[in-house]
Each structure stands twice: as C-alpha cells, then as structure tokens.
Amino acid sequence: MTGTRLLLTVALLCSCTQLLADANSWWSLAMNPVQRPEMYIIGAQPVCSQLPGLSPGQRKLCQLYQEHMVYIGEGAKNAIKECQYQFRQRRWNCSTVDNTSVFGRVMKIGSRETAFTYAVSAAGVVNAISRACREGELSTCGCSRTARPKDLPRDWLWGGCGDNVEYGYRFAKEFVDAREREKNYAKGSEEQARTLMNLQNNEAGRRAVYKLADVACKCHGVSGSCSLKTCWLQLADFRKVGDLLKEKYDSAAAMRISRKGKLELVNNRFNSPTQEDLVYIDPSPDYCLRNETTGSLGTQGRLCNKTSEGMDGCELMCCGRGYDQFKSIQVERCHCKFHWCCFVKCKKCTEIVDQYVCK
Ligand SMILES: *[C@@H]1O[C@H](CO)[C@@H](O)[C@H](O)[C@H]1NC(C)=O
Ligand SMILES: *[C@@H]1O[C@H](CO)[C@@H](O)[C@H](O)[C@H]1NC(C)=O
Ligand SMILES: *[C@@H]1O[C@H](CO)[C@@H](O)[C@H](O)[C@H]1NC(C)=O
Ligand SMILES: *[C@@H]1O[C@H](CO)[C@@H](O)[C@H](O)[C@H]1NC(C)=O
C-alpha cells in the first residue's frame, strides 16, 4: 500500500519536473550565458541544440538568427533584475531558483505574478534587440526607420540613428510567442486559457517598450547655440518599463476561459483589458509559507521594516508570525571632501543598525 503510494508520488513528481522545464523556457538563456556569435559562426557548432529551454520553434529561430541569442539572454537577464527590483518589498520577490527553471514552480500557476514575469521578459527582449540593431550588432537590422514625428519642429533634423523598436517588437513577438503558438489545446480548456494568458501578457510587455520609446535630440550649432537639432527615436530607461508594468500588475484583470475558447472577464463590471493590460487566470498561491507543491519559497528569513505599514513592514511581510531582531554593521562613505582638482575623498563610517527578519 505504502509502496504504491510512494511510486505514485514519484511518478507525479517526475511529470511535474518535466512540465516545469517545459514551462520555464528560454528564460534560462539569462542564466547560461550564450557564446558570442564569433565563437561559433566559423566552427558552426550546434549551439542551438545545446541551449536549454528552447521550444522546437524557438530552436529553429535560433538557427536562423544565431547572433540574436546573446541579446535575448541579455534581455532576459535585465528583465529578471527589473522584476526583482519591482518586487523587492513584496512577499513574492521574483527570486530565481535555478538555471533551468529560473523562477521555479510558481510559474505553473497563472497568477498575477506570473503575468508580470512574462510581460517584463518579453519587454526585456524587445529592449535588448532594438538596441543591438542600433548598435550595429545584428546583420538583419540597423537604425530605426520610424517616420519623422509630425509634431517635430520643422527646423529640427530627423535622422540620427535610433533604437530599432519596430524590429525589436517584431522579433520578440516571433521568438517569445513561438512556444505558445506551437501548442494546440482544446478550446475552452485550462491549458488553452494559460496559452492565451501568456500571449496577452507577452504583448503587453512588448507594447510597454514600444509606447515608452520617445524622441531624443541633440544640439549642434556655433558654441552651443542649439540652432540645429538632430533627433531620433530612443528607448526609455528600462526602469520606466518596469514601473509601467508594475502599475499594470496592480490593475491586472482576472479572466476565465469561455466555452468558445476566448478569455473573458470574471467580473464584467470592469472594463475589458486592452492589449496593454496584464491578465491572469488563477489566484496567487500563498507566498507566506514555503510550499513544495506551489513552489512558494515563503518569507521566513526575509528582511522587513519594523516601522513600515506597507508590504515591506514586518507585520505583513512575516504574515503575523513575528520577527527576530539583530544588529548589523553598515559601512558608508561619509565626510566627503572635494579636492581641487578633481577628486572626492571620503572617510568610511561604520554604523550599527537594527535589522529585522521574519520568523
Ligand atoms: C548555473 O549557471 C552558472 C553560470 O553559468 C553556473 O556557474 C552554475 O554552476 C549553474 N548552476 C547549476 C545548478 O546548474
Ligand atoms: C501547499 O499548497 C497546496 C495548494 O495550495 C495546499 O493544498 C497544501 O496544503 C499546501 N501545503 C502546505 C504544506 O502548506
Ligand atoms: C527572495 O526571497 C527568498 C525567500 O525568502 C530569499 O531566499 C531570497 O534571497 C530573496 N531574493 C532577493 C533577490 O531578495
Ligand atoms: C522603513 O519604513 C519607514 C516608513 O515607511 C521609512 O521611513 C524608512 O525609511 C524605512 N526604513 C528602511 C530601512 O527602509
């Protein structure tokens, strides 16, 4: 009896980890640095078959666009960093678990947090590819060819080399969405719901980058007179993309799948989400306690703020379990003096501060 149950558990666990590897995908490019193109073009090594986490379609794209892979990896890495910044004071802090699954099992749940992760990763790819085009790193794209904005003052020149957001957007759509489009689930099934959710959130992420890209200009002219300006399209700082997507996270829409195979609002008193909005289909798991099934790491051991009433406050962060206090030594630069010319000299000051960690 116990034997059978054990076997069953093992079998379940195994299928879980397989699904896990499948679900977590190309994000692992962020953890396993892709070799620089020049290293494999000549040798024609089967790089794409060695990269972990790619779906069959993505593997094909990898073969066609090998030189893009480094930038996809960079984009993913940037996205993870941004995710951890945006969620640094939350119970779920976007921590990565290991190289292949990256975010771990929690991504199996179609929660708000999962929605954010997909969006920010897709955004990271648009960002990295758009910039790589501008910098001349890719043979299939160059400077942005966006038309001159209509409201640009007439005597300003349009034509500096801009970030190629159009190409970045198109490529990210092709690559990131590939794994979702390969699937063919029954209409109205849970799996189809999740596929639609991922596609929507990927799109929201890409659009955030597109939307925030803006015109940047540089002055020319005699002795800084700025009589002449050259302007081009420039990506926003990725922090701004993170901020925007965090707002979208806060207002994400709860959806369910209809029998016709479309996502619809759970509560139709709300406005339907646009293509810029995040959507989710499952409630968030309990992030308070460690749970092997859901993949939640729990908040035990997390630093918290004793005086804050927000999510980073000990009360909420520790989920009412209480916290321990300890003293830590912080070293800071202080008494800085400017010396002519031109350097700043500082002293090191140590300070003993109280810190709190969740029980
Ligand atoms: C994860 O990747 C890093 C960097 O490539 C490597 O040093 C480390 O050994 C890997 N860890 C695991 C568990 O595979
Ligand atoms: C882990 O989460 C699952 C699903 O929410 C729940 O059924 C289970 O009781 C949890 N296990 C523990 C040890 O908390
Ligand atoms: C996030 O929380 C986990 C679990 O409490 C902790 O192990 C990890 O160090 C944290 N990561 C970051 C980036 O703060
Ligand atoms: C803790 O929270 C308070 C109130 O929000 C804030 O003023 C303070 O700077 C925070 N302390 C730290 C160490 O973050």
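Atoms within each ligand, like the ligands themselves, are counted from 1 in listed order.
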I'd like to check whether Leu297 has a polar contact with ligand 3, where a contact means an N/O of the residue lying under 3.5 Å from an N/O of the ligand.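 Not met; the criterion fails.
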
Consider every N or O of Asn93 and every N or O of ligand 3, then say whether any pair is closer than 3.5 Å.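 Yes, Asn93 has an N/O under 3.5 Å of an N/O on ligand 3.
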
Without swapping roles, check the side chain of Gln200 against the backbone of Thr274 for a donor-acceptor pair under 3.5 Å.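 Pair found, side chain donor or acceptor close to backbone of Thr274.
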
Please check this pair: side chain of Thr114 against backbone of Ile109, looking for a donor-acceptor N/O pair closer than 3.5 Å.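 Confirmed, Thr114 side chain pairs with Ile109 backbone.
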
Would you please classify the geometry between the His68 ring and the Tyr167 ring as parallel, tilted or perpendicular, with 30° and 60° separating the classes?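 The rings of Tyr167 and His68 sit tilted, inter-plane angle from 30° to 60°.
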
Aromatic rings Tyr65 and Phe171: how do their planes relate, parallel, tilted or perpendicular, breaks at 30° and 60°?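 Plane angle over 60°, so perpendicular.
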
Looking at Thr294, which atoms of ligand 2 are within less than 4.0 Å of one of its heavy atoms?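 Numbered from 1, ligand 2 contributes 2 (O), 4 (C), 5 (O).
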
Got the residues with a heavy atom under 4.0 Å of ligand 4, by chain and number?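 The 4.0 Å shell around ligand 4 contains Asn305, Thr307, Ser308.
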
Backbone or side chain, does any N or O of Arg290 fall under 3.5 Å from an N or O of ligand 2?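 No; every N/O pair is 3.5 Å or more apart.
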
Sequence neighbours excluded, every pair satisfying ring-ring contact (aromatic ring centres under 6.0 Å, His included) that has a member inside residues 191-215: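 Listed once each, the pairs are Tyr169-Tyr210.
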
Pairs touching residues 336-358 that satisfy ring-ring contact (aromatic ring centres under 6.0 Å, His included), sequence neighbours left out: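 As it turns out, the ring-ring contact (aromatic ring centres under 6.0 Å, His included) pairs with a partner in residues 336-358, which skip direct neighbours, are Tyr323-Tyr356, His339-Phe343.
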
Just which atoms of ligand 3 are under 4.0 Å from any heavy atom in Gly298?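 Heavy-atom distances to Gly298 below 4.0 Å select 4 (C), 5 (O).
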
Please determine whether any non-hydrogen atom of Cys94 lies less than 4.0 Å from an atom of ligand 3.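 Contact absent.
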
Under the side-chain hydrogen bond (donor to acceptor under 3.5 Å, both in side chains) definition, can you give me all pairs with a residue in residues 228-237, not counting sequence neighbours?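 Counting only pairs at least two positions apart or across chains, the side-chain hydrogen bond (donor to acceptor under 3.5 Å, both in side chains) contacts touching residues 228-237 are His220-Thr230, Trp232-Gln234.
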
So is Arg239 actually on top of Tyr85's ring, under 6.0 Å and inside 45° of the axis?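 Relative to the ring axis of Tyr85, which defines the angle, Arg239 lies inside both limits.
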
Less than 2.5 angstrom apart at the SG atoms, yes or no, for Cys314 and Cys304?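 Disulfide present: SG-SG distance under 2.5 Å.
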
